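Read the structure below first, then the notes.
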Amino acid sequence: PAGTIIQEDTIWYQDQGPFILEGEVRVASGVTLTIEPGTEVRFVKGGSLVVDGILNAEGTEALPIHFTSNESNPQPGDWQEIRLRGPEASQSKISHWLMEYSKEGLHFDQVSIAAHHITASHNTLAFYLTEGAQVEMIQITAQDNQYAFQAAGGTSLSLTYSKVTQNETGFFLYGGAGDIRVHVHRSSIYGNQNWDVYQGFYQAPDRVGVFDFRENWWGAVDTQLIESKISHAQDSASLYPVDFGSILENHPFPAILFER
């Protein structure tokens, strides 16, 4: 479909793929798009999938759903995003994805939702939380992206049993107003080129800022080395601190990595 509004319940079957999306393809409110396990969805340059209704996209470990570029020589940022937008999209079911070459990856916009077993690689930004997003994620691998996660003000992120490695920046926590709560536990965060965690929120009396990164493996147990890859209150007293205590001594789980 090209620049399509999906206005009735639709199923994309694996054996009918790949599905090639051009422009903004939108799932209208009141409509459910179901994507079968093993289905490949390719985006023409600049394309996006915006969900105002419900997206049921649950792959399996053997048959993940693959979202990728339609370019012959794919690059990060080729396509725009998969955007879950508004309260109705909170009913979406998201699991077992391989997502590559997007600009803003999986974008949570005014949704309260859980997602699990996603591998995101070669994206400009893999996971994007904007105001009103409350997201719980489990078993996520974000590897070889420019930014793995960005969370703006007015959001809440809970991430466990995940791996964030070999990105330029692991967590970019910056932008927007409102309270922000980030809880990341029992995960591996290491080997990111610039920052493992960049925390750019300034303390304010009318804002709650919680950045709880306890019980993670950072590729080392030396606190000075770990802190050198975290930008927060140790660098400027006006920023909220990042709590990275109770450091684990090794990877807390075997990583899940979906590949082509």
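Remember, it's a predicted structure, so these values are computed and weren't measured experimentally.
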With side-chain contact (heavy atoms from CB on, under 4.5 Å) as the criterion, how do Phe108 and Gln134 come out once you've worked through the C-alpha distance, each side chain's angles and the decisive distance to 0.1 Å? CA-CA 8 Å; Phe108 301 100; Gln134 299 182 38; over 6 Å; no
Any idea which heavy atoms bring [X] and [Y] closest together, and the distance?
| X | Y | answer |
| --- | --- | --- |
| Ser92 | Gly53 | OG-O, 4.4 Å |
| Ala148 | Gly170 | CB-O, 3.1 Å |
| Glu58 | Ile65 | N-CD1, 3.7 Å |
| Asn70 | Arg42 | OD1-CD, 3.3 Å |
| Arg186 | Pro252 | O-CG, 3.1 Å |
| Ala152 | Thr155 | O-OG1, 2.6 Å |

What is the distance from atom [atom1] of [X] to atom [atom2] of [Y], rounded to the nearest 0.5 Å?
| X | Y | atom1 | atom2 | answer |
| --- | --- | --- | --- | --- |
| Gln193 | Thr169 | CD | OG1 | 8.0 Å |
| His116 | Ser162 | NE2 | OG | 11.5 Å |
| Thr124 | Gln80 | OG1 | CD | 9.0 Å |
| Glu168 | Asn145 | CD | CG | 9.5 Å |
| Ile82 | Ile94 | CD1 | CD1 | 8.0 Å |
| Thr68 | Tyr101 | OG1 | OH | 6.0 Å |

hydrophobic_cluster_shared for [Y] and [X], side chain cutoff 4.5 Å:
| X | Y | result |
| --- | --- | --- |
| Met99 | Ile35 | yes |
| Phe172 | Phe211 | no |
| Val242 | Val182 | yes |
| Phe149 | Ile180 | yes |
| Val27 | Leu55 | yes |

Student check: side-chain heavy atoms of [X] and [Y] closer than 4.5 Å:
| X | Y | result |
| --- | --- | --- |
| Asp78 | Phe43 | no |
| Gln203 | Ser236 | no |
| His117 | Thr60 | no |
| Asp9 | Val31 | yes |
| Trp79 | Leu49 | no |
| Val208 | Arg181 | yes |
| Met137 | Leu157 | yes |

Would Val197 and Trp218 count as a side-chain contact (heavy atoms from CB on, under 4.5 Å) if you check the C-alpha gap in whole Å, the side-chain angles of each, and the deciding distance to 0.1 Å? CA-CA 11 Å; Val197 182; Trp218 300 89; 4.0 Å; yes
Could you point out which residue of Gln150, His107, Gln110, Arg83 forms a side chain to side chain donor-acceptor pair (under 3.5 Å) with Thr130? His107
Begin from the C-alpha positions of Phe127 and Ile118 and carry the test side-chain contact (heavy atoms from CB on, under 4.5 Å) through to its verdict. CA-CA 10 Å; Phe127 301 104; Ile118 299 175; 3.8 Å; yes
When you compare the side chains of Asn123 and Ser102, does any donor N or O come within less than 3.5 Å of an acceptor on the partner? yes
Side-chain donor-acceptor contact under 3.5 Å, His122 with Glu100: no
Heavy atoms of other groups near Glu8 CD, more than 12 under 6.0 Å: no
Please determine whether the number of non-hydrogen atoms from other residues, nucleotides or ligands lying under 6.0 Å from atom NZ of Lys103 exceeds 12. no
Got a donor-acceptor contact below 3.5 angstrom from the [X] side chain to the [Y] backbone?
| X | Y | answer |
| --- | --- | --- |
| Arg85 | Val51 | no |
| Asn73 | Gln75 | no |
| Ser231 | Tyr198 | no |
| Gln199 | Leu239 | no |
| Ser158 | Glu136 | no |
| Lys45 | Glu71 | no |
| Ser187 | Tyr161 | yes |
| Glu36 | Gly38 | no |
| Asn56 | Thr32 | no |
| Asn167 | Thr165 | yes |

Determine, step by step, whether Val210 and His183 satisfy the side-chain contact (heavy atoms from CB on, under 4.5 Å) criterion, reporting the C-alpha distance in whole Å, the side-chain angles of both residues, the deciding distance to 0.1 Å, and the verdict. CA-CA 8 Å; Val210 176; His183 297 270; 3.7 Å; yes
Establish, yes or no, whether a centroid distance under 6.0 Å links the rings of Phe244 and Phe213. no
